[in-house]
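The structure under discussion appears below in the form of structure tokens.
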Amino acid sequence: MRWKPSAEACASEPQRADRLWRGNQPAGSPVVSEEQFDLLPTLDLRQEMPPPRVSKSFLSLLLRVLSVLLSLVGDVLVIVYREVCSIRFLLTALSLLSLFLAALWWGLLYLVPPLENEPKEMLTLSEYHERVRSQGQQLQQLQAQLDKLHKEVSSVRAANSERVAKLVFQRLNEDFVRKPDYALSSVGASIDLDKTSHDYEDANTAYFWNRFSFWNYARPPTVILEPDVFPGNCWAFEGDQGQVVIRLPGRVQLSDITLQHPPPSVAHTGGANSAPRDFAVYGLQVDDETEVFLGKFTFDVEKSEIQTFHLQNDPPTAFPKVKIQILSNWGHPRFTCLYRVRAHGMRTSEGAGDSATGEPH
């Protein structure tokens, strides 16, 4: 049988080991008590290490990087703020918002099926047939009235079509003025750009909208020599004072000047404040420097869209050029629009003097 130690022997083993350990200590060494021996594992024997120091070069590099980043962020914020506050951004935002609302409205009108209300009452078969018969009779009566009206209109049209056609062609040929126009590009008139004011340029819209050619609404001064007069088809110059010099197809004894401007009723802006008001007419001699005053006039937008003014060309003198000098407009602060300009008179024969009597051309 194997020997097993008793409980008393096991309890006395630590005390014996303690005595043996104390007996092995050299003489004069301090005696460590059992309580102090038990406290040894709880002591933090790790030596306290000083915190690592960051080098000054690394801190300066970090500060430089942060300052560059802050300056870049500041520049970006300033650019964004200017773009948001500019009128170009507002116009673009309004345009996109209008397109979005138009598309949404179109979708609501055409894509969403209409809601059909359920009938509040149920009709019997006989009542349904009676309603269909009455509505059919009403449709037949309306058709008969339409046929009668169509016959009456056809008779009136046949009786008056020839007379109306003659009147229309007569008005078109006479051009409502009944005088030959020598300031017409199709007969050889042109613009002297060196003596004509510069075109109006809107810096706010030109930055964005004029990037697209089909949104550039600027017209050259040659448009005043064309018969196409409709809202917007005009030559605009900056401010309320400017001039245009028209090179006539020959030497013309000027008698009248006609200005044309669309009436306020058809203007998209609701008025005609960009129309010319006070203007003067000068005839330019052959030397291209001598100017002869032919009169000062006022274009009244409330009277008519076409107004003819008689010139003070007495004794009659033939000029190769005519100058229209605009002195004021009807209140527009930025620009003045000039539509069609016509020059009337008699064209002199080639080689004739200034006061020679010419024949109507």
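- Between Thr348 and Val252 the shortest side-chain heavy-atom distance does not fall below 4.5 Å.
- Aromatic ring orientation, Phe309 versus Phe297: tilted (interplanar angle from 30° to 60°).
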**Request:** Given side chain to side chain donor-acceptor pair (under 3.5 Å), test Tyr200 with Arg334 step by step and report yes or no.
**Result:** CA-CA 9 Å; Tyr200 171 74; Arg334 299 195 309 272; 3.3 Å; yes
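- Expressed to the nearest 0.5 Å, how far CD1 of Ile224 lies from CZ of Arg342 amounts to 12.5 Å.
- Annotation: the span from Phe335 atom CZ to Trp235 atom CH2 amounts to 13.0 Å, rounded to 0.5 Å.
- When only modelled atom types and interatomic distance are considered, Ser255 and His310 share no side-chain donor-acceptor pair under 3.5 Å.
- Inter-residue side-chain proximity for Phe237 and Thr196 is flagged as unmet; no heavy-atom pair is nearer than 4.5 Å.
- In terms of heavy atoms, Gln312 sits closest to Phe293 at OE1-CE2, 4.1 Å.
- The line from CD1 of Ile306 to OG1 of Thr308 is 8.0 Å long, rounded to the nearest 0.5 Å.
- Taken from CD in Glu289 to CG in Leu284, the straight-line distance is 8.0 Å, to the nearest 0.5 Å.
- Within the structure, the salt bridge (Lys or Arg N to Asp or Glu O under 4.0 Å) test picks out the following pairs touching residues 308-324 (sequence neighbours left out): Asp192-Lys321, Asp288-Lys321, Glu291-Lys323.
- Taking both residues in full, the closest heavy atoms of Leu184 and Pro227 are given as CD1-CD, 4.2 Å, listed atom of the first, atom of the second, then distance.
- In this structure, the side chains of Thr258 and Val341 stay at 4.5 Å or more apart for every pair of heavy atoms.
- Note that NZ of Lys151 and NZ of Lys148 are 10.0 Å apart. Values are rounded to the nearest 0.5 Å.
- Proximity of Leu254 to Thr317: side-chain heavy atoms (C-beta onward) are nowhere separated by under 4.5 Å.
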Show which side-chain atoms of residues 239-247 pair as donor or acceptor with protein atoms under 3.5 Å away, not counting sequence neighbours.
from, atom 1, to, atom 2, distance (Å)
Gln241, NE2, Leu327, O, 3.4
Gln243, NE2, Lys195, O, 2.8
Arg247, NH1, Ser190, OG, 2.8

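- Atom CD1 of Ile326 is separated from atom SG of Cys337 by 11.5 Å, given to the nearest 0.5 angstrom.
- Leu259 has its side chain out of reach of Arg340: every pair of non-hydrogen atoms, C-beta onward, lies at least 4.5 Å apart.
- The closest side-chain donor-acceptor pair between Ser185 and Glu226 falls under 3.5 angstrom.
- Side-chain atoms of Ile191 and Pro221, non-hydrogen and from C-beta on, do get closer than 4.5 Å to each other.
- The salt bridge (charged side-chain N to carboxylate O under 4.0 Å, His left out) test applied to Arg64 returns no partner, not counting sequence neighbours.
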**Item:** Verdict with supporting geometry, Asp278 and Ser328, side-chain contact (heavy atoms from CB on, under 4.5 Å)
**Value:** CA-CA 5 Å; Asp278 299 322; Ser328 63; 3.2 Å; yes
**Item:** Test log, rule side-chain contact (heavy atoms from CB on, under 4.5 Å), inputs Tyr182 and Val187
**Value:** CA-CA 7 Å; Tyr182 293 99; Val187 299; 5.6 Å; no
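- A heavy-atom distance below 4.5 Å is found between the side chains of Pro276 and Leu338.
- Listed for the Asp287 side chain is a donor-acceptor partner under 3.5 Å among the backbone atoms of Thr290.
- Glu130 pairs by the salt bridge (charged side-chain N to carboxylate O under 4.0 Å, His left out) definition with Arg133, not counting sequence neighbours.
- The hydrophobic cluster containing Leu72, built from Ile/Leu/Val/Met/Phe/Trp/Tyr side-chain heavy atoms closer than 4.5 Å, also comprises Val68.
- Under the 3.5 Å distance criterion, the side-chain polar atoms of Asp199 are left unmatched by any main-chain donor or acceptor of Ala236.
- For the pair Arg277 and Trp330, the distance from NZ or CZ to the six-membered ring centre is under 6.0 Å and the angle to the ring normal is within 45 degrees.
- Listed for the His344 side chain is a donor-acceptor partner under 3.5 Å among the backbone atoms of Pro180.
- Put simply, Val301 and Val229 are part of two different groups of oily side chains (I, L, V, M, F, W, Y) that touch within less than 4.5 Å, one to the next.
- Between His261 and Phe299, the angle of the ring planes goes over 60°, which puts this pair in the perpendicular group of the 30/60° scheme.
- Leu193 and Tyr282 sit in two unconnected hydrophobic clusters of ILVMFWY residues. Membership requires side-chain heavy atoms under 4.5 Å apart, directly or through other members.
- Proximity of Gln145 to Leu142: side-chain heavy atoms (C-beta onward) are separated by under 4.5 Å at one or more points.
- Not counting sequence neighbours, Glu238 has no partner by the salt bridge (charged side-chain N to carboxylate O under 4.0 Å, His left out) test.
- By the rule that hydrophobic residues join a cluster once side-chain heavy atoms approach within less than 4.5 Å of another member, Leu225 and Phe319 end up as members of one cluster.
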